[in-house]
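Numbered from 1 within each chain, the chains take letters A, B, ... in sequence-line order.
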Number of protein chains: 2
Amino acid sequence: MTVGVRHDDLRRRNRAMVVGAVRRATQPSRTEIAATTRLSNSTISAISSDLIAEGALVEVKSGETALARRGRPQVALGLNPGFDSVVSVVLTLNQLWTSLISYDGTVADEAVQRLPTMTMGKDELAEAVVEAVRCLLQRGPRRRRPARIALAVQGITDSSDSRLLWSPITPHSDIAFGPLLEERLGIPTTVQNDCNMIAVALKWRWPQRYGADFFAVLLSNGIGMGLMQKGQLFTGTHSSGGEFGHMIHVPHGALCRCGRRGCIEAYAGNYALVRSAAGGAETDPPAADIGQAEIEALADAARASEGRERAAFRRAGEAIGYGMGNLFALFDPAPVAIVGPGALAFDILEEPIRAAIAQTAGGQHSGAISFATEPNEMPLIREGCAMTALAFVDDQVAARASAPAAHQPGRAMA
Amino acid sequence: MTVGVRHDDLRRRNRAMVVGAVRRATQPSRTEIAATTRLSNSTISAISSDLIAEGALVEVKSGETALARRGRPQVALGLNPGFDSVVSVVLTLNQLWTSLISYDGTVADEAVQRLPTMTMGKDELAEAVVEAVRCLLQRGPRRRRPARIALAVQGITDSSDSRLLWSPITPHSDIAFGPLLEERLGIPTTVQNDCNMIAVALKWRWPQRYGADFFAVLLSNGIGMGLMQKGQLFTGTHSSGGEFGHMIHVPHGALCRCGRRGCIEAYAGNYALVRSAAGGAETDPPAADIGQAEIEALADAARASEGRERAAFRRAGEAIGYGMGNLFALFDPAPVAIVGPGALAFDILEEPIRAAIAQTAGGQHSGAISFATEPNEMPLIREGCAMTALAFVDDQVAARASAPAAHQPGRAMA
DNA sequence: TTAATTTTTTCGAGGCTCGAAAAAAAGAGC
DNA sequence: GCTCTTTTTTTCGAGCCTCGAAAAAATTAA
């Protein structure tokens, strides 16, 4: 913050507080908002009446009177679903999910399609995304153009959240999804890392479990991580950062999908489990796409008896555990969410993970570290993506200095 | 930020901006401050006249007219050295440095003493620090009590910056320096990690080289790191964090001073170099305090010919390089400062460090990463410590709502 | 129907920043 | 030495913003 705070910044921030309070709480009254924001009732009254006049908020007449108390009943405020909308797009290996989200966060429409991402051309892939969004927007009732698109992809995005720098789902690099979608559809677009979206979603869904500090580790074909630190989503300085899966576990170690040697992913990714359980050499080339069934069969075999499968999971757990220990050395220990297909094998992974953490700087707290599992990552990614897009709209709403109110009768001039 | 912005926060922030601008720039004029803060001239005028009335700032009559231009000459504003003072204390293995710093950042007095930190009792050590500060304060001319003490130590501090949780310079853990010094001397005290202070100092000294993002790696008997990310000093959530030296380089690897196996320090710390060059086993117990001369002899031997010494430095560089590569995977690449005695051997370390980084996720930029060396870490630690203490005073100054002005004539009431 | 209670709005006071104008403090030119 | 020009700094009124107190509104309890 090198720049001074001007007078209008104050209003903007307090408007953001009010919108944020309404989004976080479920239909709070003005008095409740005043309590959580610690602003005075008069300020909340002024700001909320502005926001209602602008159409962002609505007074909700709850049919069931919440609590028949004495006194003037509280008036619940809610987000006006029709005020605006956003699009959340999730691009995974061979699949493309699109959702239309109302301003209040409800899903208005949704679509999934298959897409051969690995074999498509660069432009072809980008155009497919444009087309999918266009299709989604055209098939519903006639609506205003959404205010924002958020696109989540596995891989590395740039710091301006507009480009996909690298991803395992496509052989192409540096795809400018942001500028392209903006040009073709006229909608500002951000590109986000999928694991970061998982972290965002976890915080929204279970704010008491996933508070200011936690790790979300995605165990799937690749290994990803999203990290909340001091209440903020952690990102790199030039990119999405947090490339946990490609931290080096063993120098000169197993061959990774990324071409390097000894990455955590090269021990804990699905392809690594298959390679290791099959008794292949660590330098055998990684398989492309492993089916979920194959991994489950491996896990069952590992549960059944000692053998190559169990050893493979042990090596995977060790890689994850040492990696997490290194994270703890940097960030300090925090709760961990194990997300994705790998969560189904967490019963086999937990012991080696904890054993490895105990060997690291985070080790003194090894027993106290809480793990939770969440096998299905897709709903989280979509939800995080939607909330990220909505956060942009909320910022815009907060910044919109009490709208010019042109052609808007019923509003007295001061 | 869950709490609303009230009206007085605005003034507080803008006062902080002005104080900060004066501290950063060298005696700027009001107009220059207005330019850097983007506040209006009237606001700067009002705030700076308040700050002058309160005694924090002074108008500096520079003997040499900076630039004989036409028009009313600018009046330079400076920090009033006599306004307040702070104490910076640096506790290292067997040494204790204390400095009295004026509000303008100049060193008013300074003292060093030897101290057998490894053999002293817990209370004894703490009392020695109290006594050293008391001694420093008593020997000069009679002054007001300093506003703040900042204590820098190698090791891990807690998140409230008041306790030393663990340190290699003493066998004791969890020493409450903060509360103790505050109780005994009546001066609020913060305890800080030494490498974090190095990072702070680098940013103050060479803001263009060490800007918003850089790593400061201390190579000494132990391995430490301070990290600036997005303009902020990086710290853990419960502790000072950033324990680079105790990230695991090789699982089940060499024995570290901390008792664990395979830490980066166990390959790159002074004791590790000596152990490795002597042909000792990786599990040989680490030596306590290695003299600087011994390391320089090792480095000379390594420069002279291929052999065990050169191999030791190569292993050290590899450990550092892989560790930095892992940092780059999380934070993204950034300039690196190699600080401390190890900087003198950087000519031998650079090649293996770069080679290792090239094997990691940060590898694509391996050649572009800039290294700078700074062999003498003590001045940096003391400087960072002083600036940290002064930052607290600046915050207080900013928060002090235009002082009651009691018994202060010559100030018209509005 | 009246009293009590709680929420929400209204209103004036006090602060803060800003732009414009005025004041201040120099050099330039004659 | 005097006036004009230029630049910095201060002054002053306008416009916002938040706050506390009081008023208004909307309900239950008696």
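Between A:F234 and B:F331, the gap from one ring centroid to the other is short of 6.0 Å.
Distance CD (B:E32) to C1' (D:dT7): 13 Å, rounded to an integer number of Å. Across the protein-nucleic acid pair, A:L51 atom CG and C:dT9 atom P stand 12 Å apart, rounded to whole Å. The nearest whole Å value for the distance from the CD1 atom in B:I47 to the C1' atom in D:dT9 is 15 Å. As rounded to whole Å, 9 Å separates atom P of D:dC17 from atom CG of A:D50. Atom CZ in A:R38 sits about 16 Å away from atom C1' in D:dC19, given to the nearest Å. Between B:M17 atom CE and C:dT17 atom C1' there is a gap of 14 Å when expressed in whole angstrom units. Across the protein-nucleic acid pair, B:N41 atom CG and D:dC12 atom C1' stand 15 Å apart, rounded to whole Å. Rounded to whole Å, the distance from NZ on B:K61 to C1' on C:dA25 is 12 Å.
Using a 4.0 Å cut-off, some side-chain N or O of A:S45 falls inside it from OP1 or OP2 of C:dT9. Contact check, A:T31 against C:dT8: a side-chain N or O comes under 4.0 Å of OP1 or OP2.
Nearer to the 5' terminus of DNA chain C, by closest-nucleotide assignment, is the contact made by A:A46 (compared with the other of B:S42 and A:A46).
In this structure, the separation between OG on A:S162 and CG on A:L151 is 11.0 Å, given to the nearest 0.5 Å. Distance check, rounded to the nearest 0.5 Å: OG1 of A:T106 to CD1 of A:I101 gives 7.5 Å.
Partners of A:F392 according to the ring-ring contact (aromatic ring centres under 6.0 Å, His included) rule, which considers only residues two or more places apart in sequence or in another chain, do not exist here.
At distances below 3.5 Å, not a single donor-acceptor pair connects side-chain atoms of A:T157 with backbone N or O atoms of A:Q192.
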Between the protein and nucleotides 12-16 of chain C, list every N/O to N/O distance that falls short of 3.5 Å.
from, atom 1, to, atom 2, distance (Å)
C:dG14, N2, B:H7, ND1, 3.4

What does the list of N/O pairs under 3.5 Å between the protein and nucleotides 27-30 of chain D look like, with a distance for each?
from, atom 1, to, atom 2, distance (Å)
D:dT27, O2, A:G71, N, 3.3
D:dT28, O2, A:R70, NE, 3.4

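Of the listed nucleotides (D:dT9, C:dT8, C:dT9), C:dT8 has the atom at the smallest distance from the side chain of A:V75.
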